[in-house]
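Data block below; observations after.
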Amino acid sequence: MTSPDVLVRVATARGVTTLTLDSPHNRNALSTGLMTQLLAGLADAVADDAVRVIVLEHTGPVFCSGADLKETAAAYASGTVPAGMLGDVLAALWECPKPVLARVAGPARAGGLGLIAAADLAVCADQATFAFTEVRIGVIPAVISATVLPRLHPRAAAELYLTGDTFDGRRAAEIGLVTASVPADDLDAVVRRFCDSLVRGAPGALAGAKELLRRPGTAELRGDLARLAALSTGYFLSDEGREGVTAFREKRLTRWVAALDGGGSGDQAE
């Protein structure tokens, strides 16, 4: 039986290490514990010469709901928020010398989209849904922009960043967020086919090919992520950010929505 303290499960077979986000009680939110274990799992997989490919997947119906807003609210007194750690996770995925493939069977929100974009390949189920919901709780998709914006078509990025609207797997494939969107019953078979192809590549050549794909700007990624993390923290600590996180946890409308005649609800954020 898996310990409740294990938030990322690790399994390796035939050259493929699978890192499974296993925190379904909070929809695999990006808590400090989960991110710490994910970084450790990645580091171990990179260090193991027998590992050729890394697959990132999830238990439960949700791939990743974004920031752990319960932890974020509790951290306000310290003047910092756990979202700042997300930059380290995205950098580790982006810079990983081994191919990383994200298997997305369910919804992803905000920071979860950053994980998907940081992977080299991503396959989702058609019915999986996605949204950049940050603006609806008074923050911005700052940190994840380092990995998301190089993937997304600019017009789609503007629409989805500013509206926070939900889109499905097929739209995600059309705009470049994922490599392919497939029927749910085909998801595992498509992931296996990609893995079978990836393990045929020479390890050194795969690492070299990844370096080519990251040019130009790779040298600036960590510096960019540090600047974006500081920007993100500033928004989370702002009056709007505090109100948005509080409203989300209290399951009520934010002040800026309640002031309107109509209204909507927030969602999980980066």
Side-chain angles (χ1 to χ4, degrees), residues 1-11 17-42 44-45 54-75 81-94 96 100-119 121-125 127-134 136-137 139 141 143-144 147-148 164 166-169 172 177-178 181 184 187-188 191 232 236 245 248-249 266-270:
M1 184 174 179
T2 303
S3 166
D5 295 330
V6 176
L7 304 176
V8 177
R9 291 192 286 109
V10 182
T17 285
T18 301
L19 303 176
T20 303
L21 306 183
D22 191 16
S23 184
H25 71 280
N26 64 357
R27 302 186 298 173
N28 292 318
L30 294 167
S31 65
T32 298
L34 184 143
M35 290 190 287
T36 299
Q37 292 182 27
L38 181 54
L39 283 169
L42 280 167
D44 289 344
I54 299 169
V55 173
L56 181 62
E57 65 171 20
H58 61 103
T59 60
V62 177
F63 174 77
C64 177
S65 58
D68 185 331
L69 294 185
K70 181 178 180 181
E71 186 180 48
T72 297
V81 290
M85 186 180 181
L86 180 57
D88 293 332
V89 175
L90 297 184
L93 288 166
W94 188 269
C96 179
V100 178
L101 188 156
R103 175 192 177 278
V104 184
R109 297 291 184 267
L113 278 67
L115 300 182
I116 294 167
L121 302 173
V123 183
C124 75
Q127 72 269 26
T129 62
F130 307 86
F132 298 97
T133 51
E134 288 87 348
R136 296 192 177 189
I137 66 163
V139 298
V143 180
I144 66 172
T147 59
V148 167
T166 301
F167 54 102
D168 64 13
L177 178 65
V178 301
S181 178
L187 183 60
D188 288 332
V191 168
S232 178
F236 268 107
V245 170
F248 181 93
R249 294 193 61 220
D267 205 339
Q268 195 79 304
E270 182 189 338

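In this text, all values refer to a predicted model and were calculated from it rather than measured experimentally.
By the 4.5 Å heavy-atom criterion applied to side chains, F63 and C124 are not counted as neighbours. Residues L19 and V10 form a side-chain contact, since some pair of their non-hydrogen atoms from C-beta on lies under 4.5 Å apart. T18 places none of its side-chain heavy atoms less than 4.5 Å from the side chain of R103. Side-chain contact check for M85 versus T36: some heavy-atom pair is nearer than 4.5 Å. In this structure, the side chains of I54 and C96 come closer than 4.5 Å at one or more pairs of heavy atoms. Residues D44 and T17 are not in side-chain contact: their nearest non-hydrogen atoms beyond the backbone lie 4.5 Å or more apart.
Looking at N28, its side chain does come within 3.5 Å of a backbone N or O of S23 through a donor-acceptor pair. In this structure a side-chain-to-backbone donor-acceptor pair under 3.5 Å is missing from E134 to S232. Checked by atom type and distance alone, the side chain of E71 never pairs as donor or acceptor with a backbone atom of S31 at under 3.5 Å. Distance alone, capped at 3.5 Å, is enough to place a donor-acceptor pair between the R109 side chain and the T129 backbone.
Under the side chain to side chain contact (heavy atoms under 4.5 Å, CB included) criterion, A40 pairs with no residue at all, not counting sequence neighbours.
A pairwise comparison of heavy atoms in A67 and F236 identifies CB-CZ, 4.4 Å as the closest pair. The two residues P24 and G60 make their nearest non-hydrogen contact at CB-CA, 4.3 Å. Minimum interatomic distance between R9 and T59 (heavy atoms only, all atoms of both residues): NH2-CG2, 3.1 Å. Taking both residues in full, the closest heavy atoms of L30 and C64 are given as CG-SG, 3.6 Å, listed atom of the first, atom of the second, then distance. Closest non-hydrogen pair, V104 versus A128, comes out as O-CB, 4.4 Å. The two atoms that bring G164 and T133 nearest to each other are O-CG2, 4.1 Å, heavy atoms only.
Evaluated for a side-chain contact (heavy atoms from CB on, under 4.5 Å) with L115, the options V100, I144, L21 yield exactly one hit, L21. Put simply, the residue from L101, V55, V178 that forms a side-chain contact (heavy atoms from CB on, under 4.5 Å) with L121 is L101.
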side-chain contact (heavy atoms from CB on, under 4.5 Å) evaluation trace for V245 with V139: CA-CA 9 Å; V245 170; V139 298; 5.7 Å; no
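In this structure, the separation between CG on L34 and CG on L38 is 6.5 Å, given to the nearest 0.5 Å. Rounding to the nearest 0.5 angstrom, the gap separating the CG atom in L93 from the CG atom in D88 is 11.0 Å. Between the CG atom in D68 and the OG1 atom in T32 there is a gap of 8.0 Å [rounded to 0.5 Å].
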